[in-house]
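Side chains are part of it too, since the values below use all heavy atoms of this structure and drop only hydrogens, waters and symmetry mates. Every chain is numbered from 1, with letters handed out A, B, ... down the list of sequences. All values derive from a computational prediction rather than experimental measurement.
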Amino acid sequence: MLEINNLRSRIDDSEILRGLSLSVRAGEVHAIMGPNGSGKSTLAQVIAGHEDYEVTAGTVTYNGQDLLELEPEERAREGIFLGFQYPVEIPGVNNAYLLKAAVNARRKHQGLGEVDAFEFLKLAREKMATLGMDPKFLNRGVNEGFSGGEKKRNEILQMAMLEPSLAILDETDSGLDIDALKAVAAGVNALRSPERAIILVTHYQRLLDYVEPDYVHVLSQGRIVRSGDKSLALELEEKGYEWVREAANA
Amino acid sequence: MATESENLESLVNRRYEHGFITDIETDSLPPGLNEDVIRAISARKHEPPFMLEWRLQAYRQWLEMTEPAWAHVRYPKIDYNEISYFSAPKSDDDRPKSLDEVDPKLLETYDKLGIPLHERARLAGVAVDAVFDSVSVATTFKEKLSEAGVIFCSFSEAVQEHPELVQKYLGTVVPRRDNFFAALNAAVFSDGSFVYIPKGVRCPMELSTYFRINAANTGQFERTLIIADEGSHVSYLEGCTAPMRDENQLHAAVVELIALKDAEIKYSTVQNWYPGDENGVGGIYNFVTKRGDCRGANSKISWTQVETGSAITWKYPSCLLRGDNSVGEFYSVAVTNNLQQADTGTKMIHIGRNTSSTIVSKGISAGRAQNAYRGLVRIMPQAHGARNHTQCDSLLIGKECGAHTFPYMEIRNPSARVEHEATTSKISADQLFYCRQRGLSEEDAVNMIVNGFCKEVFKELPMEFAVEAQALLNVSLEGAVG
């Protein structure tokens with residue numbers, strides 16, 4: 001589904017990704033771990049198409065097409081979803097309005113008709129119930145005055161509604177209490193299917209207690225320095241990132 | 001991947017879609033201004049002597065006044081002798097009695113603007129007194145209104161049919177010598193709308209006038225007078241578009257609202273005059289004096305405006321809160337793009353006891369535009385228990401535009417409660433990326449963010465007007481992302 005080959009990327013004058021390669025197939029859940037500044041978030045932003053990050057070398061293909069050629073909105077409509085680490089507030093814009101516009105942009109791209117308001121609300125309420133979200137959230141401004149945990153749940157709600165083929169969650173687990181973490185994990189697990197792939201970018205292995213990854217990769221200085229199964233995450237937890245750095249330098 | 005600036009350019013280059021000129025013969029006076037011109041205007045309109053006298057006095061007062069220079073706008077000096085002060089469609093002498101008699105070319109113009117009078121007016125239940133250039137050519141729903149006792153007609157007609165009302169109220173809110181442009185208007189105003197709602201009547205429909213500037217080189221001097229008698233209620237909509245042309249057009253309208261005891265007037269404007277091309281050439285100069293007088297106790301006047309057009313806007317819809325417990329409101333969205341300049345705001349003058357006013361102003365600047373809010377809240381010594389809340393927000397799109405806020409407060413009564421909140425923000429790259437990551441195009445994302453910003457004002461507009469305003473905003477800001 002996603003093939004990243006020797007990817008190099010920079011922001012302003014500093015190179016963040018330095019020859020990163022990763023292969024993700026449908027049905028898989030990958031966890032990307034690593035110390036601060038190792039390039040985890042950059043990887044997520046580059047896949048989503050953030051224009052501040054310049055790709056200087058390497059290729060990214062998604063379902064056989066050159067992903068780097070596509071605008072961010074085209075990537076989204078092709079089924080790539082990024083759960084943001086810091087979701088922005090958009091004052092005055094109804095949460096339901098953005099969500100419905102997003103769902104319909106994707107449906108239109110897929111050649112499906114737009115969902116009507118009734119259908120949309122029904123679906124949204126169902127998804128919100130499973131996430132333990134108050135339906136009143138739909139009528140609030142996008143992330144406006146939301147707590148950290150509410151913002152993250154809102155990201156998961158958007159993901160659940162959009163049913164992406166490839167979901168990338170950028171530190172969605174950070175700053176969550178245990179209830180919110182469980183709700184987020186339930187949302188992610190509900191999305192797991194043989195047609196979809198999920199990339200979890202995380203600093204801690206805590207989330208992985210609830211969402212079991214097929215692969216764990218450790219990022220250091222813009223490159224994947226170790227890959228393994230879920231036991232790698234436990235090993236990291238125990239030995240700390242210093243151990244990775246040493247491994248990278250070795 | 002197309003770069004942002006390429007997108008921007010192609011979008012900005014979209015021409016103003018309402019830019020066309022209808023080819024109708026006009027019966028105009030030659031350019032120039034003197035007492036003979038004023039006599040000629042008055043004669044053509046068969047005005048009674050009091051009207052001519054009023055105009056002449058205004059003209060003499062205007063001659064002694066100087067053009068104001070305090071606004072945060074710049075424009076080349078206007079030569080008032082190069083303007084033609086009267087232009088009417090040729091068919092003026094034989095005015096149509098119904099839409100069937102209206103020049104088909106005119107109807108076509110409305111069609112191009114998406115205002116098919118006969119269809120839309122009926123469907124929407126809106127009476128339309130359409131001002132084409134200076135003379136009203138079609139009035140609908142008149143019968144239904146007259147059943148309720150409501151007078152809704154062109155100003156010229158009101159001068160003929162209801163001179164006593166005109167004489168009683170004209171110039172009582174905006175005096176002739178109120179300001180330079182108001183004096184000019186008083187001297188040469190060509191036509192406009194007149195509304196009288198009798199005691200205790202709730203106007204059965206929203207009243208709507210579409211203004212349109214058409215004849216080249218003709219200044220527009222509309223005059224609107226709305227009187228809501230005791231206990232009455234009216235909602236009035238004003239909207240306009242204008243054709244594309246090369247010379248600047250001066251528009252100096254005057255609107256006077258009078259709300260007597262327990263009466264309420266809601267005045268909504270969507271203004272979409274030609275703003276000039278991307279270099280600012282050819283746009284309308286919109287120098288308007290709008291003022292409402294809450295003359296009676298418990299009266300209320302509410303201004304809602306969405307300003308997207310004009311090269312220069314100079315406009316401060318205001319309220320004189322004279323009646324005890326009277327209420328004034330001002331809700332405004334002003335959008336400026338390219339080289340547009342706007343200096344707009346309001347004045348709330350608290351005179352009566354327990355008067356209250358609300359000001360919500362949303363300014364949006366894009367391109368190299370300058371947008372200024374100028375507001376005055378004055379609490380007079382006798383205005384015990386006055387309250388004001390002002391909220392003034394600016395949104396910047398791009399790096400070359402500017403937003404300016406000039407709030408003035410004069411509080412002469414210690415019991416007053418006056419609050420002022422102001423914010424300035426930018427559409428952030430993060431907001432745009434977030435929306436695009438959810439599959440929205442950049443343009444849709446900007447529109448959505450801007451509409452969210454304006455929500456508090458849009459919800460004050462009548463439903464169909466709100467939809468129109470939103471669409472207009474989207475057109476005005478196309479490609480404004482930088």
Counting only heavy atoms not in A/Lys136 (residues, nucleotides, ligands), do more than 12 fall under 6.0 Å from its NZ? no

Value rounded to 0.5 Å, distance of CZ in A/Arg106 from CG in B/Leu440: 14.0 Å

Using only atom types and a distance under 3.5 Å, with no angle test, would you say the side chain of B/Gln437 pairs donor to acceptor with the backbone of A/Ile80? yes

Using non-hydrogen atoms and a 4.5 Å limit, figure out which bit of A/Val142 sits close to chain B: side chain, backbone, both or neither. side chain

Residues B/Arg436 and A/Glu51 bridged, charged N to O under 4.0 Å: yes

What are the two closest heavy atoms between B/Phe433 and A/Pro72, and how far apart are they? CE1-CB, 4.0 Å

Do B/Ser441 and A/Glu74 come within less than 4.5 Å of each other through their side chains, counting heavy atoms only? no

Is it the case that over 12 heavy atoms from other parts of the model lie below 6.0 angstrom from the CZ atom of B/Arg368? no

Please table the atom pairs, donor to acceptor, closer than 3.5 Å between any side-chain atom in residues 157-169 of chain A and protein atoms at least two apart or in another chain.
{"residue": "A/Gln158", "atom": "OE1", "partner": "B/Tyr434", "partner atom": "OH", "Å": "3.4"}
{"residue": "A/Gln158", "atom": "OE1", "partner": "B/Arg438", "partner atom": "NE", "Å": "2.4"}
{"residue": "A/Gln158", "atom": "OE1", "partner": "B/Arg438", "partner atom": "NH2", "Å": "3.1"}
{"residue": "A/Gln158", "atom": "NE2", "partner": "B/Tyr434", "partner atom": "OH", "Å": "3.3"}

For A/Asn143, which atoms come within 4.5 Å of any heavy atom of chain B: side chain, backbone, both, or neither? side chain

Grab the two heavy atoms, one from B/Gly439 and one from A/Ala76, that are nearest each other, plus how far apart they are. N-CB, 3.5 Å

Give me the contact list for residues 90-98 of chain A versus chain B, heavy atoms only, anything under 4.5 Å, ordered by residue number. A/Ile90, A/Pro91, A/Gly92, A/Val93, A/Tyr97, A/Leu98

Distance-only criterion, 3.5 Å: show the donor-acceptor pairs between side-chain atoms of residues 327-334 of chain B and protein atoms not counting sequence neighbours.
{"residue": "B/Glu329", "atom": "OE1", "partner": "B/Ser302", "partner atom": "OG", "Å": "3.0"}
{"residue": "B/Ser332", "atom": "OG", "partner": "B/Gln305", "partner atom": "NE2", "Å": "3.0"}

Donor-acceptor pairs under 3.5 angstrom involving side-chain atoms of residues 108-121 of chain A: please list them, not counting sequence neighbours.
{"residue": "A/His109", "atom": "NE2", "partner": "A/Glu78", "partner atom": "OE2", "Å": "3.0"}
{"residue": "A/Asp116", "atom": "OD1", "partner": "A/Phe118", "partner atom": "N", "Å": "3.1"}
{"residue": "A/Asp116", "atom": "OD1", "partner": "A/Glu119", "partner atom": "N", "Å": "2.7"}

